[in-house]
A.B. asks: 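I'd like to ask some things about the structure below.
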Amino acid sequence: MSYYQHPLDVTGLPSWKALEEHRLAMQNFSMREAFKADPTRFDDLSVSCSGLFLDYSKNLITPETRTLLVNLAREAGVEQAAHAMFEGERINASENRPVLHTALRRPMGESVMVDGKNIMRDVHTALAQMTDIVTRIHNNLWRGFSDKTITDVVNIGIGGSFLGPQLVSEALLPFTQHGVRTHYLANIDGSEFREVTAKLNVETTLFIISSKTFGTLETLKNAQAARTWYLGKGGTEEKLYRHFIAVTSNKQAAVEFGIREKNIFPMWDWVGGRYSLWSAIGLPIALAIGMSNFKDLLSGAYSMDQHFLSEPFESNMPVLLAMLGVWYHNFWGAQSYAFLPYDHYLRNFVKHLQQMDMESNGKSVRQDGTPVSCTTGPVIWGGVGCNGQHAYHQLLHQGTPLIPADFIVPVVSHNPVADHHEWLYANCLSQSQALMRGKTREEAEAELRAKGLSEAEVQRLAPHKVIPGNRPSNTVVMETISPGRLGALIALYEHKVFVQGVIWGINSFDQWGVELGKDLGKAVYNQMTRFDAAPAEDASTQGLIDFFRGRHRG
Ligand code: F6P
């Protein structure tokens, strides 16, 4: 049985029309009033699962809005699409691939068939291969060329082969085992290479070349530079295998680079790069926190998968988060979305989410090649609180655009220092409260009068002190950040992005736009470095090439 349906023109659905009408009716809705009028609002508009609690009561919604949004999700075929993904149908139609990162977190004993083969065997064989190397490194059985213990692991990879592993290994720093430090080398920038390698001892460093395709320019250049660095610092060709391993679906290219076959960990074309941290691409995570914690990460994500598949949409966390995003993006004109984690360990989450969301849903045609009928893919941005409060939150509070925000905060800190965490938590809550409440003209004037200002001064200053309020946000709360809860949190956003892609009818799993930049990059490089190359097509690019060549002549 096939679950896959061709995308509908979502804007023609009755539920879309109903939302358009409802949006007009909500024009003067006030959150502040809604909280006053309904003491059950918080209980009604919150949900918990997999160790996460989502409060979505500070939104421009009523229970009726939720019903209408859920109706849209149903009519657009979200349930069928989710089953199609989990069952391995080729929902990545432009690349003719199934999308099965969810298989990576399924327990042993389950089966998922791709082309008549149960891929769960491959998944668990790869986990066993990861367990083997992690155990050997943690128990000093894998040593460098001079027989010293491995203390530092450098992940050479970019995009999905970097952002997810970096987010998780740094978010779970309190779970580090055996003192293994992880480093990330992503950009093709000599300065980054220098800064990363400057901290390392060649004798105790392991490089993981992490590339699904093993064809990504930045990664290959960094890998070559790392090999040169290793040899230049006294490493030997003979023992190079102790310092270079790879994760890739292109085994041949890794072997040609000089990696021993048994030190190549698998990737599959049914896992997208930005969804790959759950595979052997997550090896730096496992080396940092150990396999048991890595498996807890997978279990947390699996728990969110089960919730997503089975929970009615009215209380389904990823569906609700996705549909709220659709509500603001398509019905209120919100062009961007802020992600605001109040925890140092989650500071890299925004970067991972940017790739996950914008590379997935930054599309203008539907699965069948027809143009989308509504806007898709908001800009995702943000950063760690409270730092943002002293930078860009001003725009959230008083700027002209409507920017919905997600606040993420743990109740318990891994590192209690005095009453820091109480203040951090209070800041998180007070920001969402301020966005919701704002400050009326009356309140602003009353405050100024209470300071003893003249009436003329009160009238002059009051407009600047008015905060519109009624600005929406979600808050996700959890206990401490643990591997399981982090796994659930990341999977929550993966499914949110997926649901939105289904609503918009697009393929969230290809990235053809990125390819153009890669192709043109090669052409420009030739024009910069080869004097017999044809000039650039446009005067701007040629002028900038000349500028470079002028500086590097001779
Ligand atoms: O940026 C495009 C992209 O293809 C991403 O989707 C991917 O995560 C990244 O490049 C790295 O690709 P690879 O793992 O093949 O080196």
Side-chain angles (χ1 to χ4, degrees), residues 42 46-55 57-58 138 151 164-184 199 277 284-297 299-301 303-304 317 338-353 382-393 396 405-436 473-493:
F42 172 72
S46 55
V47 59
S48 58
C49 82
S50 311
L52 308 180
F53 178 83
L54 167 66
D55 166 22
S57 60
K58 291 193 190 95
H138 284 182
T151 56
Q166 186 202 36
L167 157 65
V168 177
S169 62
E170 294 190 4
L172 297 178
L173 216 57
F175 296 84
T176 301
Q177 291 191 356
H178 302 271
V180 173
R181 292 178 291 264
T182 47
H183 312 265
Y184 291 88
K199 292 181 250 169
L277 71 92
I285 304 171
L287 284 165
I289 64 174
M291 274 317 275
S292 165
N293 284 321
F294 185 75
K295 285 182 181 168
D296 286 350
L297 179 84
S299 302
S303 155
M304 183 56 74
M317 207 184 270
F339 184 80
L340 310 169
Y342 276 65
D343 193 285
H344 177 71
Y345 289 128
L346 296 181
R347 68 193 177 283
N348 293 312
F349 211 131
V350 180
K351 289 189 283 170
H352 179 57
L353 202 59
V384 75
C386 302
N387 302 11
Q389 288 174 214
H390 297 276
Y392 43 75
H393 280 220
L396 298 177
D406 285 358
F407 290 87
I408 317 287
V409 65
V411 180
V412 181
S413 168
H414 280 294
N415 301 295
V417 174
D419 57 357
H420 282 33
H421 196 65
E422 285 78 354
W423 277 112
L424 191 73
Y425 197 83
N427 267 287
C428 177
L429 268 50
S430 59
Q431 283 298 303
S432 67
Q433 190 183 40
L435 287 168
M436 182 270 286
S473 68
N474 297 302
T475 304
V476 178
V477 179
M478 70 194 95
E479 217 207 280
T480 45
I481 295 167
S482 67
R485 287 186 278 268
L486 182 64
L489 186 66
I490 298 170
L492 166 66
Y493 280 92

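If you read the sequence from its start, that first residue is 1, and numbering goes on from there.
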A.B. asks: Would you find a donor on one side and an acceptor on the other, under 3.5 Å apart, between the side chain of H352 and the backbone of V168?
C.D. replies: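 Not a single qualifying donor-acceptor pair exists.
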
A.B. asks: Could you report the tightest heavy-atom contact between P410 and Y425, atom names first, then the distance?
C.D. replies: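 Of all heavy-atom pairs spanning P410 and Y425, the closest is O-CD1, 3.7 Å.
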
A.B. asks: Can you name the closest pair of heavy atoms from G383 and P341 and give their distance?
C.D. replies: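 Scanning both residues, the minimum pair turns out to be O-CD, 3.4 Å.
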
A.B. asks: Kindly compute the distance separating CD1 (I481) from NE2 (H414), expressed to the nearest 0.5 Å.
C.D. replies: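 Reported to 0.5 Å precision, the distance equals 6.0 Å.
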
A.B. asks: Applying ring-ring contact (aromatic ring centres under 6.0 Å, His included), can you list everything that pairs with H420, at least two apart in sequence or on another chain?
C.D. replies: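 For H420 there are no ring-ring contact (aromatic ring centres under 6.0 Å, His included) partners, ignoring immediate neighbours.
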
A.B. asks: So, Y342 side chain and L429 main chain: donor-acceptor pair closer than 3.5 Å or not?
C.D. replies: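 No; judged by distance alone, with no hydrogens or angles, the pair does not exist.
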
A.B. asks: Quick one: pull up CD in Q389 and CD in Q431 and give me the separation to the nearest 0.5 Å.
C.D. replies: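 Reported to 0.5 Å precision, the distance equals 3.5 Å.
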
A.B. asks: Given F339 and L346, is the side-chain contact (heavy atoms from CB on, under 4.5 Å) satisfied, shown in steps?
C.D. replies: CA-CA 11 Å; F339 184 80; L346 296 181; over 6 Å; no

A.B. asks: Compare all side-chain heavy atoms of Q166 with those of K351 and state whether any distance is below 4.5 angstrom.
C.D. replies: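 They are in contact (side-chain heavy atoms under 4.5 Å apart), so the answer is yes.
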
A.B. asks: Which heavy atom of H138 sits nearest to which heavy atom of A286, and what is that distance?
C.D. replies: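 Nearest heavy atoms, H138 then A286: CE1-O, 4.1 Å.
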
A.B. asks: If the test is side-chain contact (heavy atoms from CB on, under 4.5 Å), which one of T475, V477, V47 qualifies with L54?
C.D. replies: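 The option that passes is V47.
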
A.B. asks: Check step by step if side-chain contact (heavy atoms from CB on, under 4.5 Å) holds for L52 and M304.
C.D. replies: CA-CA 10 Å; L52 308 180; M304 183 56 74; 3.8 Å; yes

A.B. asks: Within this structure, what is the CG-CG distance for the pair L489 and L297, rounded to the nearest 0.5 Å?
C.D. replies: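 Those atoms lie 10.5 Å apart.
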
A.B. asks: Find the distance between CG (L353) and CD1 (I490) and round it off to the nearest 0.5 Å.
C.D. replies: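 Interatomic distance, L353 CG to I490 CD1, rounded to 0.5 Å: 10.0 Å.
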
A.B. asks: Looking only at heavy atoms, what is the nearest atom pair of L340 and G382, with distance?
C.D. replies: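 So the two residues come closest at CD2-CA, 4.2 Å.
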
A.B. asks: Within the 4.5 Å heavy-atom criterion, are L396 and L435 side-chain neighbours or not?
C.D. replies: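 Heavy-atom side-chain distance check passes, below 4.5 Å.
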
A.B. asks: How many angstroms lie between atom CD1 of I285 and atom CZ of F175, to the nearest 0.5 angstrom?
C.D. replies: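 Separation between the atoms: 13.5 Å.
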
A.B. asks: Where is the tightest heavy-atom contact between S432 and K58, given as atom of each residue plus distance?
C.D. replies: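 The answer is OG-NZ, 3.2 Å.
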
A.B. asks: Checking E479 now: which residues fulfil side chain to side chain contact (heavy atoms under 4.5 Å, CB included) with it, not counting sequence neighbours?
C.D. replies: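 E479 satisfies side chain to side chain contact (heavy atoms under 4.5 Å, CB included) with V412, R485 once adjacent residues are dropped.
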
A.B. asks: Is there a side-chain contact between Y345 and L486 (heavy atoms, below 4.5 Å)?
C.D. replies: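 Not touching, per the 4.5 Å side-chain cut-off.
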
A.B. asks: Do you know the tightest heavy-atom contact between N293 and P483?
C.D. replies: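 Answer, listing the atom of N293 first, then P483: O-CB, 3.4 Å.
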
A.B. asks: Is P284 close to P165 at the side-chain level, that is, under 4.5 Å between some pair of heavy atoms?
C.D. replies: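 Sidechains of P284 and P165: in contact.
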
A.B. asks: For S299 and K295, indicate whether the former's side chain and the latter's backbone hold a donor-acceptor pair under 3.5 Å.
C.D. replies: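 It does hold such a pair.
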
A.B. asks: Measure the shortest side-chain to side-chain distance between T176 and L173 over non-hydrogen atoms and say whether it is less than 4.5 angstrom.
C.D. replies: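 Heavy-atom side-chain distance check passes, below 4.5 Å.
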
A.B. asks: Quick one: pull up CD in Q177 and CG in L287 and give me the separation to the nearest 0.5 Å.
C.D. replies: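 Atom-to-atom, Q177:CD and L287:CG are 11.0 Å apart.
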
A.B. asks: Using 30° and 60° as the class boundaries, would you call the ring planes of H393 and F407 parallel, tilted or perpendicular?
C.D. replies: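 Plane angle over 60°, so perpendicular.
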
A.B. asks: Hey, are the side chains of L424 and C386 touching, using non-hydrogen atoms and a 4.5 Å cut-off?
C.D. replies: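 A side-chain contact under 4.5 Å exists here.
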
